[in-house]
Structures are given as structure tokens and as C-alpha cells.
Amino acid sequence: MESTLSSRDRVRQRSDFLRIQGQGDRVRGRHLTLFVLPNDLEVTRLGIIATRRLGGATSRNRSKRMIREIFRLNKGEHEGFNWDIVVLPRPGFSDKTFDVLQADYLNTLSRYARSK
């Protein structure tokens with residue numbers, strides 16, 4: 001499995017972020033909120049919104065690294081689905097352990113998948 005996310009695996013454009021937030025489904029987890037919108041691509045893409053409410057730059061960057069790693073490790077969970085996923089971590093996100101955050105991400109994503 002790849003050790004990094006390619007540019008095709010990421011949501012980069014502001015217009016895409018706005019479209020996903022506006023038209024996508026919002027699914028709240030304990031430590032994060034997911035905005036999910038089906039796409040017409042062959043891959044599931046990830047976008048991250050790390051606001052200043054998370055804390056300083058160190059905390060925001062740590063949160064983004066953890067989200068990217070959770071997404072990368074769980075790419076198999078996205079098989080068969082072509083989604084754009086935007087993750088909005090909640091304050092205190094970077095204080096939690098990786099396992100807790102990964103379980104929250106997978107639980108939140110599975111709740112979305114079951115609803116569709």
C-alpha cells in the first residue's frame with residue numbers, strides 16, 4: 001500500500017470544498033464531522049478543514065497528519081464507493097489517541113454507508 005496520498009486522492013480546490021460542504025451529507029462523530037458527497041471519479045478523495053479552533057499551528061498540523069494517516073490506512077473501507085470526504089476535526093482532536101480517532105472515523109463512515 002502507498003505510504004503517501006497522491007494528488008488524485010485529495011480534494012484541493014476551494015470550490016470542491018464548498019460544493020462538498022453544501023451538497024454533501026453531514027455525519028457527526030464524537031471527535032470529528034464528515035461531509036460526504038458521491039463523486040464521478042474512480043477514487044475516494046480526502047479534504048481536511050483544520051480551523052484555528054483546534055489550537056495553534058502545531059495542533060492543527062498534527063490533526064491533519066493523523067487524519068491523512070487514518071484515511072490512508074483505511075482505504076480498503078472505501079472500496080466500491082467513490083466519495084469526496086471532507087473531515088472537520090473538533091476541538092481536542094489532537095489530544096486523543098490514534099486508535100480512538102481511527103475508531104471514531106470508521107464508525108462515523110460506516111453510519112453514513114448504512115444510511116445510503
Side-chain angles (χ1 to χ4, degrees):
M1 188 167 278
E2 297 178 20
S3 62
T4 61
L5 294 178
S6 67
S7 61
R8 70 185 217 134
D9 292 332
R10 296 184 185 201
V11 176
R12 296 238 181 221
Q13 299 293 320
R14 175 173 162 69
S15 60
D16 288 340
F17 276 94
L18 294 174
R19 181 178 48 81
I20 295 164
Q21 284 181 276
Q23 298 174 10
D25 294 317
R26 178 188 309 215
V27 188
R28 289 188 173 101
R30 173 171 256 159
H31 306 293
L32 52 81
T33 299
L34 300 180
F35 296 93
V36 185
L37 183 66
N39 67 32
D40 295 330
L41 307 171
E42 311 83 49
V43 296
T44 294
R45 299 188 307 166
L46 172 70
I48 303 169
I49 301 172
T51 64
R52 289 189 181 168
R53 284 189 287 160
L54 287 176
T58 305
S59 180
R60 291 194 308 270
N61 288 332
R62 181 171 192 266
S63 297
K64 290 189 287 188
R65 283 193 309 271
M66 289 197 308
I67 292 167
R68 282 192 295 265
E69 184 65 8
I70 290 168
F71 180 83
R72 187 187 69 77
L73 289 175
N74 296 287
K75 273 187 161 182
E77 298 295 320
H78 309 129
E79 294 288 323
F81 301 105
N82 299 331
W83 294 330
D84 286 337
I85 301 173
V86 172
V87 180
L88 176 64
R90 294 204 176 150
F93 181 90
S94 63
D95 300 334
K96 308 296 184 252
T97 65
F98 183 82
D99 291 335
V100 168
L101 296 174
Q102 182 170 331
D104 187 35
Y105 172 81
L106 291 173
N107 181 38
T108 307
L109 194 60
S110 68
R111 278 190 300 131
Y112 172 76
R114 282 193 309 261
S115 73
K116 296 297 166 193

To check you understand the geometry: which heavy-atom pair defines the closest contact between Phe93 and His31, and what is its length?
CD1-O, 3.2 Å
Of all the heavy-atom pairs spanning Lys96 and Arg62, show the shortest one and how long it is.
O-NH1, 4.4 Å
Does CZ belonging to Arg111 count more than 12 external heavy atoms closer than 6.0 Å?
yes
Between side-chain atoms of residues 12-19 and protein atoms elsewhere (two or more places apart, or another chain), which donor-acceptor pairs fall under 3.5 Å?
| unit_1 | atom_1 | unit_2 | atom_2 | d |
| --- | --- | --- | --- | --- |
| Asp16 | OD1 | Arg19 | NH2 | 3.4 |

d(Arg30 CZ, Thr108 OG1) to nearest 0.5 Å is 10.5 Å
Please say yes or no: joined through hydrophobic side-chain contacts below 4.5 Å, possibly via intermediate residues, are Leu101 and Val27 part of one cluster?
yes
Quick check for you: to the nearest 0.5 Å, what is the distance between Arg45 atom CZ and Ser7 atom OG?
10.5 Å
Should Leu34 and Val86 be marked as a side-chain contact (heavy atoms from CB on, under 4.5 Å) after you check the CA-CA gap, both sets of side-chain angles, and the distance that decides it?
CA-CA 6 Å; Leu34 300 180; Val86 172; over 6 Å; no
Grouping I, L, V, M, F, W and Y whenever their side-chain heavy atoms are under 4.5 Å apart, do Val11 and Ile48 come out in a common cluster?
no
Determine the minimum heavy-atom distance between Arg90 and Gly29, stating which atoms define it.
NH1-O, 3.1 Å
Can you check whether Gly55's main-chain N or O pairs, donor with acceptor, with Arg60's side chain at less than 3.5 Å?
yes
Take Gln102 and Glu69 through the side-chain contact (heavy atoms from CB on, under 4.5 Å) test and state the conclusion after the steps.
CA-CA 9 Å; Gln102 182 170 331; Glu69 184 65 8; over 6 Å; no
Approximate separation, where rounding is to 0.5 Å, of Thr33 OG1 and Ile49 CD1:
9.5 Å
What's the separation between atom CD1 in Ile70 and atom CG in Leu106, rounded to the nearest 0.5 Å?
8.0 Å
CG of Asn82 to CG of Leu37: how many Å apart, nearest 0.5 Å?
11.5 Å
If hydrophobic clusters are built from ILVMFWY residues whose side chains come within less than 4.5 Å, do Leu88 and Leu109 share one?
no
Transitive ILVMFWY side-chain link Leu5 to Ile85, under 4.5 Å:
yes
For Val100, is there any backbone N or O sitting under 3.5 Å from a side-chain donor or acceptor partner on Asp104?
no
Output the distance between atom CZ (Phe81) and atom OH (Tyr112), rounded to the nearest 0.5 Å.
9.0 Å
Please determine whether residues Leu41 and Trp83 belong to a single hydrophobic cluster, defined as Ile, Leu, Val, Met, Phe, Trp and Tyr linked transitively by side-chain heavy-atom distances below 4.5 Å.
no
Please check if the side chain of Ser94 supplies one atom and the backbone of Ser63 the other of a donor-acceptor pair under 3.5 Å.
no
Arg26 and Phe35: which non-hydrogen atoms are nearest, and at how many Å?
NE-CE2, 3.6 Å
Would Asn39 and Asp84 count as a side-chain hydrogen bond (donor to acceptor under 3.5 Å, both in side chains) here? Give the steps.
CA-CA 6 Å; Asn39 67 32; Asp84 286 337; 2.8 Å; yes
State, with a plain yes or no, whether a side-chain heavy atom of Val87 is found less than 4.5 Å away from one of Phe71.
no
Looking at Lys75 and Asp9, is there a salt bridge between them, counting it only when a charged N and a carboxylate O are closer than 4.0 Å?
yes
